[in-house]
Structure formats: C-alpha cells, structure tokens
Trainee: 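First the structure, then my questions, so here it is.
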Amino acid sequence: MRPNILYLLSITLPIAFASCNNQNDFDATGTFEATEITIGAEANGKILDFHIEEGSTVNAGDSLGRIDCEQMLLQREMLQKQQAALIAGKPNVEKQVAALRGQIATAETELKRLKRMQAGGAATGKQVDDVEAQLSVLRSQLDATLQSLNASVSSLNNNVSAMELQIRQLDYSISKATISSPISGTVMVKYLNAGEMAAAGRPLMKVADLDHMYLRAYFTSEQLSDISLGDEVTVIADFGGDKQIEYPGTIVWIAQESEFTPKGIQTRGDRANLVYAIKIAVKNDGRLKVGLFGEVKLNSKRNDRH
C-alpha cells in the first residue's frame with residue numbers, strides 16, 4: 001500500500017501546486033499600445049531627401065526630408081516680378097494732376113482779380129463769365145482725371161493684393177514640401193525612400209510616441225464600480241517566462257460602451273461576454289514595446305487582499 005500512496009502523492013502534489021500557480025492574481029489583462037501617427041505627403045513630386053530610418057528618433061517639427069518643389073519656386077519668382085512691375089507702373093496721382101491744379105489755381109486768382117476790377121468798373125461781366133466758365137471746365141477735368149486715376153490705382157492695388165495671396169499660397173505649398181513629424185517619437189515604419197515619387201496623402205512613415213505608453217485592458221461591468229478616471233493602478237508587463245516588471249499606471253480613459261471580449265484577453269470574470277475597454281497611461285523606461293502583453297492590478301483591491 002505504501003508505494004501506491006507515494007505514487008499518488010507524486011502525481012497529485014505537482015498538480016496542486018500548478019493549480020495554485022495558475023490562479024489569476026490580476027484583475028484584467030491587455031496589450032500595450034502607443035500613440036501612432038501615419039504621416040502622409042502633403043506635396044506631389046520626387047523625394048529629394050529623406051534621411052530617417054526605421055527605429056530613428058525624431059523631434060516634432062524637425063526637417064526630416066524634402067520633396068521637389070522647384071516648379072513652385074519658379075512660379076513664386078515669376079509672380080514676385082509681375083507684382084513688382086505692377087507696383088512700378090502704378091500712376092502717381094498727385095503728379096499727374098499737378099498741372100491741372102496749377103491751371104485751376106491760376107484761373108481762381110484771375111477770377112478774383114477780375115471781380116475786383118469789375119467792382120471798380122475796369123472789367124466787364126463777360127470777362128468774369130469767361131474765366132468762370134474756364135474754371136468750371138478745369139475743375140470738371142480734374143474730377144474726371146482723379147476718378148480715372150483712382151480707379152486705375154484701385155485696380156492695380158487689387159491685382160497686387162491678388163498676387164500677394166498667390167505668393168502666400170505658393171509659400172504654404174512650398175512649406176509642405178518639407179517632410180516633418182507633428183509629434184516626437186520613434187519611426188515605426190518608413191514607406192518611401194529618396195528618389196521615389198510622393199503624392200499628396202500617400203503615407204511616408206509611421207511615428208509612435210514610445211515614451212508614453214498605454215495598456216488597453218478590459219474590465220467587466222462588475223469591476224466598473226471600483227474604477228474611476230485618474231485612479232492609480234499597478235501594471236505588470238509580461239516579457240515571457242518568469243520575466244515580469246511592475247509599473248505604476250493611471251487610468252486615463254474608460255469606454256462608454258461595452259463590447260464583446262476580444263480574443264486572447266482574460267478578465268477576472270473569466271472572459272465575460274461583455275467588457276469595457278480602459279486605457280492606462282504608463283511611463284516607458286525603454287523596455288515596453290507595442291503589442292507586449294500586460295496585466296492590471298487595481299491598487300484598492302490589492303490593498304484589501306493585504
């Protein structure tokens with residue numbers, strides 16, 4: 001009998017220990033993700049320079065490459081010269097009417113003189129009437145000339161302003177020929193290389209902010225009462241085997257709608273049918289990777305256990 005008992009113990013004890021070790025000491029599981037942006041070309045043309053590689057670290061706003069924009073530069077130069085020609089050809093209104101103003105001033109002086117003479121009986125009414133008529137014609141000519149010149153100046157100013165807008169549009173388009181990233185991060189994928197043709201909207205690269213990672217985990221409705229935005233939790237990154245590292249995390253997003261439990265995700269409710277996605281912000285020390293498996297322990301629950 002004794003050998004049989006020892007034999008049974010040798011089988012059941014490892015199973016018992018294995019069952020203890022397999023108990024889920026977590027509240028939920030998920031995978032790590034990062035803010036990823038696919039950056040597309042904003043100009044059409046040949047890529048002249050694109051000096052980044054997959055895995056390169058980039059800073060927001062830094063120039064990473066250049067798309068050929070020579071044609072736009074030539075168009076800009078042509079518009080600037082046309083604009084300069086219009087400005088140079090703009091009439092000087094005061095200079096062009098100076099002669100008329102001088103004639104009017106002379107006629108007005110003559111009219112005053114004749115009226116004084118008429119009062120003394122030295123000039124006739126006809127002489128006064130003639131100068132008044134001449135003055136009226138000169139004033140009409142001045143008004144017509146000013147109206148014509150001002151209309152011409154206004155038209156030229158409008159053309160100059162329109163060209164200025166075209167130049168600004170070209171400047172904007174030329175600026176889009178410079179390849180840059182809107183965020184600081186790591187180049188995950190590079191889709192095109194120098195020498196290839198870029199088209200507006202065509203992806204150039206994918207950049208991810210790996211300094212600030214998120215664990216997307218799934219919790220049951222029963223667990224939601226213990227969870228709030230801003231809660232501090234413990235995140236355990238699973239690197240395989242016995243290699244696990246704990247990180248402090250903060251709940252930054254809770255889904256407003258439930259969904260069916262994604263395949264491969266475990267919850268405390270043993271893969272409940274409906275769960276809620278939650279994002280937990282984690283500061284990356286350089287070891288966390290996108291897609292890495294992780295576990296979550298709610299700190300309040302953890303303290304209750306202790």
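Note that this is a predicted model, so its numbers are computed, not measured.
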Trainee: Linking Ile, Leu, Val, Met, Phe, Trp and Tyr through side-chain heavy atoms less than 4.5 Å apart, which residues share a cluster with L142?
Mentor: V93, V97, L100, I104, L111, L114, M117, V128, V131, L135, L138, L146, L149, V153
Trainee: Work out which heavy atom in P203 is nearest to a heavy atom in T38; give both atom names and the distance.
Mentor: CB-CG2, 3.9 Å
Trainee: Quick check: is I236 connected to F26 through a chain of hydrophobic side chains (ILVMFWY, heavy atoms under 4.5 Å apart)?
Mentor: no
Trainee: Salt bridge or not for R113 and E108, using N-O below 4.0 Å?
Mentor: no
Trainee: Got a sec, which pairs hit salt bridge (charged side-chain N to carboxylate O under 4.0 Å, His left out) with one end in residues 146-169, sequence neighbours left out?
Mentor: none
Trainee: Can you tell if the side chain of V290 reaches within under 4.5 Å of the side chain of M213, non-hydrogen atoms only?
Mentor: yes
Trainee: I'd like to know if the side chain of D27 and the backbone of L298 have a donor-acceptor N/O pair within less than 3.5 Å.
Mentor: yes
Trainee: Going from CD1 on I37 to OG on S181, what distance comes out if it is rounded to the nearest 0.5 angstrom?
Mentor: 6.5 Å
Trainee: What verdict does the side-chain contact (heavy atoms from CB on, under 4.5 Å) test give for Y276 and I227, after you've listed the backbone C-alpha separation in whole Å, the side-chain angles of each residue and the deciding distance to 0.1 Å?
Mentor: CA-CA 11 Å; Y276 292 82; I227 299 171; over 6 Å; no
Trainee: Donor-acceptor pair, N44 side chain versus A200 backbone, under 3.5 Å?
Mentor: yes
Trainee: Within 45 degrees of the axis of the six-membered ring of Y214 and under 6.0 Å from its centre: does K279 put its NZ or CZ there?
Mentor: yes
Trainee: Give me the atom names and distance for the closest heavy-atom approach of A208 to E36.
Mentor: CB-CG, 3.6 Å
Trainee: Between E54 and K190, does any side-chain N to carboxylate O distance fall below 4.0 Å?
Mentor: no
Trainee: Look only at the side chain of S175 and the backbone of Y172, and say whether a donor-acceptor pair between them is shorter than 3.5 Å.
Mentor: yes
Trainee: Quick one: does R202's side chain get under 4.5 Å of L192's, heavy atoms only?
Mentor: yes
Trainee: How many angstroms lie between atom CG of L224 and atom OG of S258, to the nearest 0.5 angstrom?
Mentor: 9.5 Å
Trainee: Between the main-chain N or O of A60 and the side-chain N or O of S184, is there a donor-acceptor pair closer than 3.5 Å?
Mentor: yes
Trainee: Measuring from Y247:OH to D285:CG, what's the distance to the nearest 0.5 Å?
Mentor: 3.5 Å
Trainee: Please identify each residue that fulfils side-chain contact (heavy atoms from CB on, under 4.5 Å) with A144, with sequence neighbours left out.
Mentor: none
Trainee: Taking the side chain as everything from C-beta on, heavy atoms only, tell me whether D231 gets closer than 4.5 Å to S228.
Mentor: yes
Trainee: Do side-chain atoms of N284 reach the backbone of L210 as a donor and acceptor pair under 3.5 angstrom?
Mentor: yes
Trainee: What pair of heavy atoms forms the shortest contact from R216 to W253, and how long is it?
Mentor: NH1-CZ3, 3.6 Å
Trainee: Between D171 and R76, does at least one N-O distance fall below 4.0 Å, as a salt bridge requires?
Mentor: yes
Trainee: Which heavy atom of A177 sits nearest to which heavy atom of A43, and what is that distance?
Mentor: CA-CB, 4.1 Å
Trainee: Test side-chain hydrogen bond (donor to acceptor under 3.5 Å, both in side chains) on K90 and N157 and set out the steps.
Mentor: CA-CA 8 Å; K90 187 162 61 173; N157 286 338; 3.2 Å; yes
Trainee: Closer than 3.5 angstrom, by distance alone: can the side chain of H51 be matched with the main-chain N or O of L64 as a donor-acceptor pair?
Mentor: yes
Trainee: Are the side chains of Y218 and T29 in contact, using a 4.5 Å heavy-atom criterion?
Mentor: no
Trainee: Does any part of the side chain of I47, heavy atoms only, come nearer than 4.5 Å to the side chain of N193, both counted from C-beta?
Mentor: no
Trainee: Without hydrogens or angle criteria, can the side chains of Q223 and T220 be said to hold a donor-acceptor pair below 3.5 Å?
Mentor: yes
Trainee: Begin with the C-alpha distance, continue with both residues' side-chain angles, and end with the deciding distance and a verdict on side-chain contact (heavy atoms from CB on, under 4.5 Å) for L229 and V252.
Mentor: CA-CA 6 Å; L229 289 175; V252 295; 5.6 Å; no
Trainee: First locate atom OG of S148, then atom CD of Q96, and finally report the distance between them rounded to the nearest 0.5 Å.
Mentor: 9.0 Å
Trainee: Using the test side chain to side chain donor-acceptor pair (under 3.5 Å), find all partners of K206 that sit at least two apart in sequence or belong to another chain.
Mentor: none
Trainee: Between A41 and A199, which heavy-atom pair has the shortest distance, and what is it?
Mentor: CB-O, 3.4 Å
Trainee: How many angstroms lie between atom CG of L292 and atom CZ of F239, to the nearest 0.5 angstrom?
Mentor: 5.0 Å
Trainee: With side chains defined as the heavy atoms from C-beta onward, is the minimum distance between F50 and M205 less than 4.5 Å?
Mentor: yes
Trainee: Under a 4.0 Å threshold between the charged nitrogen and the carboxylate oxygen, would E94 count as salt-bridged to R101?
Mentor: yes
Trainee: Hydrophobic cluster mates of L48, side-chain heavy atoms under 4.5 angstrom, ILVMFWY only, any path?
Mentor: none
Trainee: For the side chain of S155 and the backbone of A151, is there at least one donor-acceptor N/O pair under 3.5 Å apart?
Mentor: no
Trainee: Going through the checks in order, is the side-chain contact (heavy atoms from CB on, under 4.5 Å) test met by Q83 and Q166?
Mentor: CA-CA 11 Å; Q83 187 184 51; Q166 290 177 344; over 6 Å; no
Trainee: Is the shortest heavy-atom distance from the side chain of Q118 to the side chain of T124 under 4.5 Å?
Mentor: no
Trainee: Taking the basic N atoms (NZ, or NE/NH1/NH2) and the acidic carboxylate oxygens, is any pair closer than 4.0 Å for D130 and K126?
Mentor: yes
Trainee: Among Ile, Leu, Val, Met, Phe, Trp and Tyr joined by side-chain contacts under 4.5 Å, find the other residues sharing a cluster with L79 and list them by chain and number.
Mentor: M72, L73, L86, I87, L156, V160, M163, I167, L170, I174
Trainee: Would the distance check show the side chain of T106 and the main-chain N or O of G102 forming a donor-acceptor pair, the cut-off being under 3.5 Å?
Mentor: yes
Trainee: Which heavy atom of A277 sits nearest a heavy atom of E259, and at what distance?
Mentor: CB-OE2, 3.7 Å
Trainee: Does any part of the side chain of K115, heavy atoms only, come nearer than 4.5 Å to the side chain of E132, both counted from C-beta?
Mentor: yes
Trainee: Is there a donor-acceptor contact under 3.5 Å linking the side chains of T234 and N299?
Mentor: yes
Trainee: Look only at the side chain of D143 and the backbone of T145, and say whether a donor-acceptor pair between them is shorter than 3.5 Å.
Mentor: no
Trainee: Just do the side-chain contact (heavy atoms from CB on, under 4.5 Å) check on L274 and F260 with the steps written out, would you?
Mentor: CA-CA 5 Å; L274 292 176; F260 287 103; 4.0 Å; yes
Trainee: What's the separation between atom CG in N59 and atom CD1 in I183, rounded to the nearest 0.5 Å?
Mentor: 11.5 Å
